[in-house]
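Just so it is clear, the structure is predicted and the values come from calculations on it, not from any experiment.
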Amino acid sequence: MEVESQEQSNTWEDYVDWKKKPAIKGRHGGMLAASFVLVWLFLASASNLVLYLIQHMHFSPSKAANHVTNFMGDCFSSCSSWWLLIRCFLYHLSNLPHQCTC
């Protein structure tokens with residue numbers, strides 16, 4: 001009886017693995033699976049963008065790949081820069097009451 005209740009609390013409700021068995025919490029999903037999907041989507045969108053630039057915009061393959069590389073790098077850099085600025089701003093705002101009371 002206890003084994004069944006322990007096994008039920010250790011599974012995700014309404015989720016199954018690829019064999020249609022209940023998904024176990026520590027074994028299925030998580031950050032590893034999410035990072036794999038994120039990298040896969042990133043590479044898939046990059047390759048589709050290269051094909052679009054070659055076939056519809058009539059770029060040469062080397063120029064298309066270079067434009068996509070620059071675009072992805074700019075997107076990553078701008079996201080990182082905005083994250084850093086917002087984090088610094090929020091850190092400053094969270095410390096403002098402490099500075100005013102001194």
Between Leu32 and Ser35 the two heavy atoms that sit nearest each other are O-OG, 2.8 Å
Do Val39 and Phe71 sit in the same hydrophobic cluster, where Ile, Leu, Val, Met, Phe, Trp and Tyr count as joined when their side-chain heavy atoms come under 4.5 Å apart?
yes
Does Leu49 belong to the same Ile/Leu/Val/Met/Phe/Trp/Tyr cluster as Leu43, with side-chain heavy atoms less than 4.5 Å apart forming each link?
yes
Considering only distance and modelled atom types, tabulate donor-acceptor pairs under 3.5 Å from the side chains of residues 78-87, sequence neighbours left out.
| from | atom 1 | to | atom 2 | distance (Å) |
| --- | --- | --- | --- | --- |
| Ser78 | OG | Asp74 | O | 3.1 |
| Ser78 | OG | Cys75 | O | 3.0 |
| Ser80 | OG | Phe76 | O | 3.0 |
| Ser81 | OG | Ser77 | O | 2.8 |

Donor-acceptor pairs under 3.5 Å, side chain of residues 50-62 to any protein atom, not counting sequence neighbours: which ones?
| from | atom 1 | to | atom 2 | distance (Å) |
| --- | --- | --- | --- | --- |
| Ser60 | OG | Ser62 | OG | 3.4 |
| Ser60 | OG | Lys63 | N | 3.3 |

Do Ser45 and Met72 come within less than 4.5 Å of each other through their side chains, counting heavy atoms only?
yes
Exceeds 12 heavy-atom contacts within 6.0 angstrom, atom CG of Leu41:
yes
